[in-house]
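Worth saying up front: this structure is predicted, and the values here are computed from it rather than measured.
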Amino acid sequence: MFIPTREAGLEAFHDFVPRAGSAYARDRNHDLGAARENVSGLSPYLRHRLLTEREVLGTVLAHHSPGASEKFVQEVFWRTYWKGWLEQNPEVWRRYRHDVDALLAGDLPADHEAAVSGRTGIAAMDAWVHELVETGYLHNHTRMWFASIWIFTRGLPWQLGADFFYRHLLDGDAASNTLSWRWVAGLQTKGKTYLASAANIARYTDGRFAPEGLATTARALSEEPLPPRAAIDPDDVVGTVGGRVGLLLHEEDLEAASLLEEHPGLASALAATAVGADPAGRSPLGASAAVHAFTTGAVADAAARTVDSTGRPAQTLPDPLPSSLVDWAVSEGLDTVVTPYAPVGPVAERLAASRSALAERGIDLVTLRRRWDGDTWPHASRGFFPFRERIPELVREL
C-alpha cells in the first residue's frame, strides 16, 4: 500500500489534494476496507517527514478554503499536538516503557496471544489484527474501536495494546500511539473514556461489522499523579556548529532540504552526510517486517536525496549503535554532527547515548529543531481543544 519514498508520498498527496476539503470532512470517519479514497493515506510519510506538515498544509490551503479544509488541517495538527504534549510530560513515556518491559517479562494475560493473533472470536477485532499485521495500517476510527475493545471488553492492559500497535503501524510514533491509547483508557483526559459500540462500528463500516458482546461501560483507568510539566526549550538550535560539519538524519525526520532551508549557510558547510534508523527500538519485541521494510526503504530514499557540499550522497549507517555513528564521524574527520531534533521516544534516547559517545572523541552533537515544532509545541500544554483554537493563528504564522 505504501512505497517508502518521498516521490511516492508526493504522488499520493497530489492525488488526495482535490478531496482534502468538504469531501474529506464528510467521509473521513468511514472505514471502507480496502477502499481508502476517503482518507489521505499520508500518515506514514508525515510520520517520517518524507513529507512535511508545512508543505502539505500549504498546498491544501492553496486549493481549499480554511473552512472547507478545517478537518484535514486539524488531523495534521493532532500529531503535532501529541508530540508537543509528550515533550512536556516525558514521564508518561518513561512509565509506558517501564510497564511494557515488566508486562512482557512476566506472565502475559491469558487472552493476549489470542488478541494479537486474531483469534478472539470477535470477527471485527480479528479482521483488524490481520489487516494491521499484513499492511501496517488501520483507519484511525478503527484504531479507537480496537483499543476500546482491547481495554474494556477483553480486559487487557492498554500498554500491551499500544506496544502491539507500535510494533506494526508504519505511521506509529511514540507520542501519537501512546497518548491515543491513554485517551481511550481515560488517562489522557482524566475520567473520559472512549467506548466502542456495535451500532457505531456498523454505521461507519457500512455494515461490514456489528460485533456482539462488547462492553457497555468503560470505567476510566487511574495512575499516579504526573510530575510538573517540563518547559519547551526556547532554542531551536542546541549546541554550537563549528569546524568540520556532518549531517545525520534519522527516522523521525528524513527531509533534509527543507530543514537546511531554515539554517542558511549550513548546507554549504556540510563535509559529510549520513542516515541511520532503528525500527526495532520501538519495542522489546522489535518491529514487524512491514515496519522494517518501510523504515529502511525510507532511509535509503533519504540517503539518495541527501548530499554533502561536494555532492556526495549520504552514507547509510550499518546499525543504530553509537559506535557506528562515532566511526563514521571520526572517519570523516568531523568536529560537529548536526541532526534533526528528535521528540521524546526511542530516537531521542539513541541520540542521548550517541552524544556521550561522540563527546568522548571531542565531537559535538548539535540538534536542529524545525520552526514548526518550536512554534507549536509550547501550546500543547493542555487538552487538544485549547490547542485547536490556536490552529488558525499558527497556520498564518507558519
Side-chain angles (χ1 to χ4, degrees), residues 2 4-10 13 42-58 76-77 79-84 86-87 170-177 232-233 235-239 241 245-263 266-267 270 272-279 281-282 291 294-308 313-317 320 325 336-352 354-355 365-377 398:
F2 301 98
T5 65
R6 174 170 166 80
E7 181 181 5
L10 287 170
F13 174 46
L42 298 178
S43 55
Y45 301 100
L46 286 165
R47 181 262 178 271
H48 292 287
R49 276 187 169 152
L50 290 168
L51 304 180
T52 68
E53 299 90 339
R54 176 181 287 172
E55 68 179 320
V56 165
L57 292 189
V76 174
F77 269 101
R79 190 175 293 268
T80 296
Y81 166 76
W82 286 135
K83 287 183 179 180
L86 190 61
E87 201 70 14
L170 302 184
D171 62 15
D173 68 50
S176 298
N177 187 62
I232 299 291
D233 192 323
D235 296 324
D236 285 340
V237 179
V238 177
V241 179
V245 181
L247 171 68
L248 169 70
L249 297 181
H250 49 69
E251 64 260 42
E252 295 290 341
D253 196 321
L254 293 171
E255 216 297 279
S258 59
L259 178 67
L260 294 175
E261 284 178 2
E262 296 187 17
H263 303 278
L266 185 55
L270 294 179
T273 54
V275 189
D278 180 24
R282 293 188 181 197
V291 166
F294 189 90
T295 306
T296 55
V299 163
D301 175 67
R305 290 184 289 105
T306 306
V307 298
D308 63 18
Q315 178 179 335
T316 301
L317 298 183
L325 174 58
T336 305
V337 173
V338 297
T339 190
Y341 182 89
V344 170
V347 177
E349 295 165 355
R350 190 168 84 234
L351 289 178
S354 296
R355 176 177 281 105
L365 182 66
V366 176
T367 56
L368 310 175
R369 187 177 62 196
R370 288 180 184 266
R371 182 188 165 205
W372 179 277
D373 298 331
D375 285 0
T376 57
W377 287 355
L398 290 164

Q: Side chains of Ile232 and Arg369: closer than 4.5 Å at any heavy-atom pair?
A: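 Side-chain contact under 4.5 Å: yes.
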
Q: Mind checking whether Phe77 and Trp372 have parallel, tilted or perpendicular rings, split at 30° and 60°?
A: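 The arrangement is parallel - the two ring planes meet at less than 30°.
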
Q: State plainly whether the residues Glu261 and Arg54 are in salt-bridge range, i.e. N to O under 4.0 Å.
A: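 Arg54 and Glu261: not salt-bridged.
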
Q: Looking at Leu368 and His263, what are the two nearest heavy atoms and their distance?
A: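 Residues Leu368 and His263, closest heavy atoms: CB-NE2, 3.8 Å.
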
Q: So, for Leu266 and Val338, which heavy atoms are closest and what is the spacing to 0.1 Å?
A: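 What the structure gives for the nearest pair is CD2-CG2, 4.2 Å.
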
Q: Please confirm whether the backbone N or O of Glu255 pairs with a side-chain atom of Arg49, one donor and one acceptor, at under 3.5 Å?
A: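 Side chain of Arg49 to backbone of Glu255: no pair is present.
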
Q: Using a 3.5 Å distance criterion without hydrogens, assess whether the side chain of Asp301 forms a donor-acceptor pair with backbone atoms of Pro4.
A: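 A pair under 3.5 Å: no.
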
Q: Tell me whether Glu7 at atom CD has more than 12 heavy atoms from other residues, nucleotides or ligands lying less than 6.0 Å away.
A: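 No, because the 6.0 Å sphere around CD of Glu7 holds 12 heavy atoms or fewer from other groups.
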
Q: What residues form a ring pair (Phe, Tyr, Trp, His ring centres under 6.0 Å) with His250, not counting sequence neighbours?
A: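 Residues passing ring pair (Phe, Tyr, Trp, His ring centres under 6.0 Å) with His250: none at all.
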
Q: List the steps, then state whether side chain to side chain contact (heavy atoms under 4.5 Å, CB included) holds for Trp377 with Thr80.
A: CA-CA 7 Å; Trp377 287 355; Thr80 296; 4.2 Å; yes

Q: May I ask you to decide if Thr52's main-chain N or O and Arg370's side chain share a donor-acceptor pair within less than 3.5 Å?
A: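 Absent.
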
Q: If you measure from the Lys or Arg side-chain nitrogens to the Asp or Glu carboxylate oxygens, is any gap between Lys83 and Asp373 under 4.0 Å?
A: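 No, no charged N to carboxylate O under 4.0 Å.
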
Q: Only pairs under 3.5 Å count here: list side-chain donor-acceptor contacts from residues 340-350, not counting sequence neighbours, and write none if there are none.
A:
| unit_1 | atom_1 | unit_2 | atom_2 | d |
| --- | --- | --- | --- | --- |
| Tyr341 | OH | Glu87 | OE2 | 2.1 |
| Glu349 | OE2 | Trp93 | NE1 | 2.8 |
| Arg350 | NH2 | Glu251 | OE1 | 3.0 |

Q: Just by distance, do the side chain of Asp173 and the backbone of Ser176 share a donor-acceptor pair under 3.5 Å?
A: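 Judged by distance alone, yes, a pair lies under 3.5 Å.
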
Q: Among Val299, Asp278, Leu249, Leu248, whose side-chain contact (heavy atoms from CB on, under 4.5 Å) with Leu317 holds?
A: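 By the side-chain contact (heavy atoms from CB on, under 4.5 Å) criterion, Leu317 pairs with just one of Val299, Asp278, Leu249, Leu248: Leu248.
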
